[in-house]
Novice: 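Pasting a structure below so you can have a look.
Bear in mind the structure is a predicted one, so any value in this text is a computation, not a measurement. Protein chains get the first letters and strands the later ones, always in sequence-line order, with residue 1 at the start of each.
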Protein chains: 2
Amino acid sequence: MLSQDSIAAVNHFVRQVPCEAERPTLQGLFSRQPIEKFEAGTAVFWEGDEADHVFEVVEGVLRIYKILGDGRRVITGFMYPGDLIGVSLKDRYLYTAEAVTRIQVRRFARQRFQEEINRSPELRPQLFARLCDEMAAAQDQMVLLARKSAEERVCSFLLLISRRLDRDGQALRVVEVPMTRLDMADYLGLTIETVSRIMTRLTSRGVISPSGRHAIIVRKSDKLTTLAGEVEADHNPSAAYTHQAVWPN
Amino acid sequence: MLSQDSIAAVNHFVRQVPCEAERPTLQGLFSRQPIEKFEAGTAVFWEGDEADHVFEVVEGVLRIYKILGDGRRVITGFMYPGDLIGVSLKDRYLYTAEAVTRIQVRRFARQRFQEEINRSPELRPQLFARLCDEMAAAQDQMVLLARKSAEERVCSFLLLISRRLDRDGQALRVVEVPMTRLDMADYLGLTIETVSRIMTRLTSRGVISPSGRHAIIVRKSDKLTTLAGEVEADHNPSAAYTHQAVWPN
DNA sequence: CGTTAACTTGAATTTTGTCAATGCCTGTGG
DNA sequence: CCACAGGCATTGACAAAATTCAAGTTAACG
């Protein structure tokens, strides 16, 4: 994060191979674009809109969601500073992107973005790596939604966002939770009430303490990890293969 | 989509321009590799294995899954002929790939695969497009798991696989279902019993008829679509924005 | 043709959702 | 800076959906 900014600031949009020390980065691509601000609750784009631009989150948090025909909402992800939104080959956005907090973003025309990516053998693997990370996150979310209990979901979520903003991948003790209970519920496939009940339960067991409505303090980090159901499975093939036999019910 | 290809075709990072008629394809990359066969129930690779190779499915169906520490299984996808498996920048596979039926695959060393992709401005957008499709599918699956009822899930699944194998994107009347109820359950985030009950209900309502254990006939295609809960939401932004007001409960 | 795993069906239980009432932050305006 | 309004969040009682447990069936395979 720290180094990214300095690199970005130095980038000169070189077409010819940059022999110098600095290398182009995805952030660098956006760094010359003006910053745009959106108020909390406003949409950057809607599902189904012409997908003209790619966005980089500079500040704040957004929710990415889809809506079913009858109004059911599913938040497929929250986007934080440094994240890219709208990268796809489809000509229409597949989801709505909406500000959770007041946000700042930079915008890049999609076609030019594609050209830059295609031109640069430095940028391409960076973008590829991001897509792979996004895919891995999507798979983890499928695991959560398909098989985890409400409590495991909430704990997984708290761990996820606690790891989201810190530099070291170290979970923070004080965790900012900018989203509402409804956002959490729509992300976790639960109802507001269930999320609320579980937060209360975690509080009364001393695992977390609320710190206002939009932050918590993690008091028992290891307990939270256990409750998240992320106990690392051993990677022994035979154990995995025979899981039905090993855990008979 | 359309424009992407032309952009790619015009791209000048080509080392040796292939002026001839035939253009490289991802399939083409694999076509010189020997075919390997796996029996139903055997794994091509395990989650956590060194990610040395990328695979192309030539024949049959595979399941891609992850296992939680206590044995709960989540199938994140089924792979059909033409699909690529193991494309990622991680050095270990993120999931297990196991044959549902007897399968044929071709294998390509990952490093060489990366080199070929990097070398070829024709191949790159093809791979990118596949990753985007995979991402879109993952998001649809999150919607299914987060907010759809058991019946909607089963119907969505039947529609999905009915569209899977045919050339025209036309749903087939007779749908092969190579996977077991347990596979379906672990893909849909349900239990075998629930899947079974819903299949029975669909049958008794005349929506489908079973044709042996591993095929069904779709008798009321439109009904199946409705039950899948995929009634297209209108893409009117204000309608989407105010969904809580429009559907009050 | 028989064996066995896969599937179906039913009853009881659990989990989560729904509905409704109350409580409490947070941001606004005085 | 404080008071207050309104949106969020919490809590409880009840309902619904899906899971669990427990038999039975059936189809696929040797």
Novice: In chain order, what residues pass the salt bridge (Lys or Arg N to Asp or Glu O under 4.0 Å) check against A/Arg181, with sequence neighbours excluded?
Specialist: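 Per chain and number, A/Arg181 pairs via salt bridge (Lys or Arg N to Asp or Glu O under 4.0 Å) with no residue.
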Novice: The criterion is salt bridge (Lys or Arg N to Asp or Glu O under 4.0 Å); which residues satisfy it with A/Arg153, sequence neighbours excluded?
Specialist: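 Applying salt bridge (Lys or Arg N to Asp or Glu O under 4.0 Å) to A/Arg153 gives none.
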Novice: With a 3.5 Å cut-off and heavy atoms only, can you find an N or O donor on one side and an acceptor on the other between the side chain of A/Glu193 and the base of C/dC19?
Specialist: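 Present.
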Novice: Does anything in residues 187-211 of chain A form a salt bridge (charged side-chain N to carboxylate O under 4.0 Å, His left out)? List the pairs, not counting sequence neighbours.
Specialist: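 Non-adjacent pairs meeting salt bridge (charged side-chain N to carboxylate O under 4.0 Å, His left out): A/Glu151-A/Arg201, A/Glu151-A/Arg205.
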Novice: For the helix from C/dC1-D/dG30 to C/dG30-D/dC1, what is the angle between the axes at its two ends, each from 5 pairs, rounded to 10°?
Specialist: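 One end's axis against the other's: 50°.
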Novice: Does anything in residues 209-218 of chain B pair up under salt bridge (charged side-chain N to carboxylate O under 4.0 Å, His left out), and if so which pairs, sequence neighbours excluded?
Specialist: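 Salt bridge (charged side-chain N to carboxylate O under 4.0 Å, His left out) check on residues 209-218 of chain B returns no pairs.
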Novice: Only counting residues at least two apart or in another chain, list the ones meeting side-chain hydrogen bond (donor to acceptor under 3.5 Å, both in side chains) with B/Ser88.
Specialist: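 B/Ser88: no side-chain hydrogen bond (donor to acceptor under 3.5 Å, both in side chains) contacts found.
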Novice: Donor-acceptor pair, distance only, cut-off 3.5 Å: does the side chain of B/Arg219 make one with the backbone of B/Gly206?
Specialist: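 Pair absent, no side-chain N/O of B/Arg219 close to backbone of B/Gly206.
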Novice: By the ring pair (Phe, Tyr, Trp, His ring centres under 6.0 Å) test, which pairs, at least two apart or in different chains, include something from residues 176-213 of chain B?
Specialist: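 Every pair satisfying ring pair (Phe, Tyr, Trp, His ring centres under 6.0 Å) with a residue in residues 176-213 of chain B: B/Phe78-B/Tyr187, B/Phe157-B/Tyr187.
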Novice: Mind listing the residues from residues 197-212 of chain B sitting with a heavy atom below 4.0 Å of DNA chain D? Number order is fine.
Specialist: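 Contacts with DNA chain D under 4.0 Å: B/Arg197, B/Gly212.
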Novice: Take A/Met179 and A/Arg147, find for each the nucleotide of DNA chain D with the closest heavy atom, and name the residue whose nucleotide sits nearer the 5' end.
Specialist: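 This one resolves to A/Met179.
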Novice: Can you build the contact string for nucleotides 3-8 of chain D? Use B for base contact, S for sugar-phosphate-only contact, and - for no protein heavy atom under 4.0 Å.
Specialist: ----BB
Novice: With sequence neighbours left out, write down each residue that passes salt bridge (Lys or Arg N to Asp or Glu O under 4.0 Å) with A/Asp133, or none if nothing qualifies.
Specialist: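 Expected list: B/Lys90.
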Novice: Can you name the side-chain hydrogen bond (donor to acceptor under 3.5 Å, both in side chains) partners of B/Ser196, sequence neighbours left out?
Specialist: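 Result, side-chain hydrogen bond (donor to acceptor under 3.5 Å, both in side chains) vs B/Ser196: none returned.
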Novice: Check salt bridge (Lys or Arg N to Asp or Glu O under 4.0 Å) between B/Asp140 and all other residues, then give those that pass, not counting sequence neighbours.
Specialist: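 Once residues adjacent in sequence are excluded, the partners of B/Asp140 under the salt bridge (Lys or Arg N to Asp or Glu O under 4.0 Å) criterion are A/Lys66.
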